[in-house]
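For reference, the structure discussed in these notes is given below.
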2 protein chains.
Amino acid sequence: MDLLKKKILDEGEVYEGNILKVDCFLNHQIDCVFLHEVGKEFHRLFKDEGVNKILTIEASGIAIGAFVAQEFGCPLVFAKKTKTKNIAGDVYTTQVESFTHGTTYDIMISRRFLGEGDRVLIVDDFLAIGNALRGLIQLVKDSGAELAGCGTVIEKGYQHGGDKLREEGIKVESLAIVESMNADTGEIVFR
Amino acid sequence: MDLLKKKILDEGEVYEGNILKVDCFLNHQIDCVFLHEVGKEFHRLFKDEGVNKILTIEASGIAIGAFVAQEFGCPLVFAKKTKTKNIAGDVYTTQVESFTHGTTYDIMISRRFLGEGDRVLIVDDFLAIGNALRGLIQLVKDSGAELAGCGTVIEKGYQHGGDKLREEGIKVESLAIVESMNADTGEIVFR
């Protein structure tokens with residue numbers, strides 16, 4: 001997606017420790033006019049897959065998922081990272097190891113919102129090692145729903161999480177794949 | 001907003017402990033076709049206020065904020081509840097006491113995304129005592145931005161947080177105000 005690549009080059013910042021900071025348009029301040037285009041692009045890529053539910057994970061995935069769900073005219077469900085008073089005990093849950101934060105956390109969704117008959121498109125902001133996506137895929141499997149595919153906005157190609165998922169036969173579409181980044185020069189090379 | 005009241009009556013559930021559960025369409029599973037209408041309604045209510053930024057708080061506010069920002073054609077910024085590696089140290093921060101969870105937490109936004117020249121519409125899913133809104137209002141004040149007003153989807157009128165903010169001269173618009181709820185009968189009465 002050329003518009004995305006342009007935004008990454010114009011507005012993204014590369015930092016030591018494998019960090020591509022795009023919080024000016026994707027995951028802290030959110031450019032919703034741009035995200036509307038992201039939603040349309042994911043719809044174009046997955047419109048023949050029978051998708052009837054979008055699944056993402058709080059917090060950065062929610063705005064993306066909202067615009068994708070708008071295009072498909074279907075509900076969005078987001079997995080929660082912490083147990084709250086307002087979520088019933090009857091949940092699907094699994095563990096996710098966070099590469100970025102060096103921690104492990106539980107994710108969960110209410111059983112009421114995912115199950116047989118659902119064909120699920122998982123979306124998220126970043127795909128690196130793929131741990132968050134694998135956690136969400138596990139929830140889809142546990143629920144008896146079918147996985148239509150995964151759409152991520154930015155894939156860190158050099159971490160190969162996307163390649164491994166594709167090798168397993170999962171349809172994974174990323175709107176930009178970063179092949180290399182250089183924190184000293186700020187250079188970003190796309191696949 | 002009649003469509004919202006109908007959804008609350010049809011799909012909402014009342015539980016002991018002052019809980020109105022609307023996680024089937026507002027804050028776990030999200031009806032994005034409906035939220036698009038919510039975005040249009042907030043635009044109608046605040047379109048003459050010179051709004052150029054939408055502010056909300058993770059996680060439940062994000063999808064709402066996204067559709068409001070889409071209507072205004074302006075950015076959405078969401079306050080974060082936890083410090084992450086990917087947010088710079090240069091933040092505005094304040095404390096919020098959670099009535100629902102009985103805890104106090106920090107909220108923060110990067111200084112880069114809020115400041116002089118911004119006219120801010122704050123949006124959120126629920127308004128009860130008003131602690132989360134007051135935290136967000138504090139961040140707006142600290143940043144030197146101007147507050148255009150606050151829009152919440154569901155206000156618990158009997159907790160009077162909205163009334164107090166209005167008495168202070170803040171424009172607060174809620175799309176449905178619940179005047180009373182009965183956990184035994186499930187009855188919900190709107191103001």
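Proteins come first, then strands; the chains are lettered A, B, ... in the order of their sequence lines, and each starts at number 1. Note that the structure is a prediction, hence the values are computed from the model and not measured. Worth knowing before you read on, the calculation uses all heavy atoms, side chains too, and leaves out hydrogens, waters and symmetry mates.
Salt-bridge check for E11(A) with R112(B): failed, with every basic side-chain N at 4.0 Å or more from each acidic carboxylate O.
The closest donor-acceptor contact from the side chain of H28(B) to the backbone of F78(A) lies under 3.5 Å.
Separation of atoms CZ (F113(A)) and CG (D23(B)) is listed at 4.0 Å; rounding is to 0.5 Å. We find the CZ-CD distance between F34(B) and Q70(A) to be 14.0 Å, quoted to the nearest 0.5 Å. Interatomic distance, I62(B) CD1 to S60(A) OG, rounded to the nearest 0.5 Å: 7.0 Å. Here CG of D31(A) is found 10.0 Å from SG of C74(B). Values are rounded to the nearest 0.5 Å. Here C32(B) contributes atom SG and F67(A) contributes atom CZ; the two are 9.0 Å apart, rounded to the nearest 0.5 Å.
Clustering ILVMFWY residues whenever any of their side-chain heavy atoms sit less than 4.5 angstrom apart, transitively, puts I177(B) in a cluster other than the one holding I122(B). In this structure, Y105(A) is a member of the same hydrophobic cluster as I109(A), with clusters built from ILVMFWY side-chain heavy atoms closer than 4.5 Å. Both L20(B) and L3(B) are assigned to one and the same hydrophobic cluster, defined by single-linkage of ILVMFWY side chains at heavy-atom distances under 4.5 Å. Cluster annotation: V189(B) and I8(B) are assigned to distinct hydrophobic clusters (Ile/Leu/Val/Met/Phe/Trp/Tyr, side-chain heavy-atom contacts under 4.5 Å, transitive). L9(B) and V38(B) fall within the same hydrophobic cluster, defined by Ile, Leu, Val, Met, Phe, Trp and Tyr side-chain heavy atoms under 4.5 Å apart, directly or through other members.
When the shell of 6.0 Å around CD of E97(B) is examined, it contains 12 or fewer heavy atoms from other residues, nucleotides or ligands. Heavy-atom contacts from other residues, nucleotides or ligands closer than 6.0 Å to CD of E116(B) number 12 or fewer.
Here the closest non-hydrogen pair linking N27(A) and K80(B) is O-NZ, 3.3 Å.
Contacts between E71(A) and chain B at a heavy-atom distance below 4.5 Å are absent for every atom of the residue. Residue contact with chain B, scored on non-hydrogen atoms closer than 4.5 Å, involves the side chain of E58(A) exclusively.
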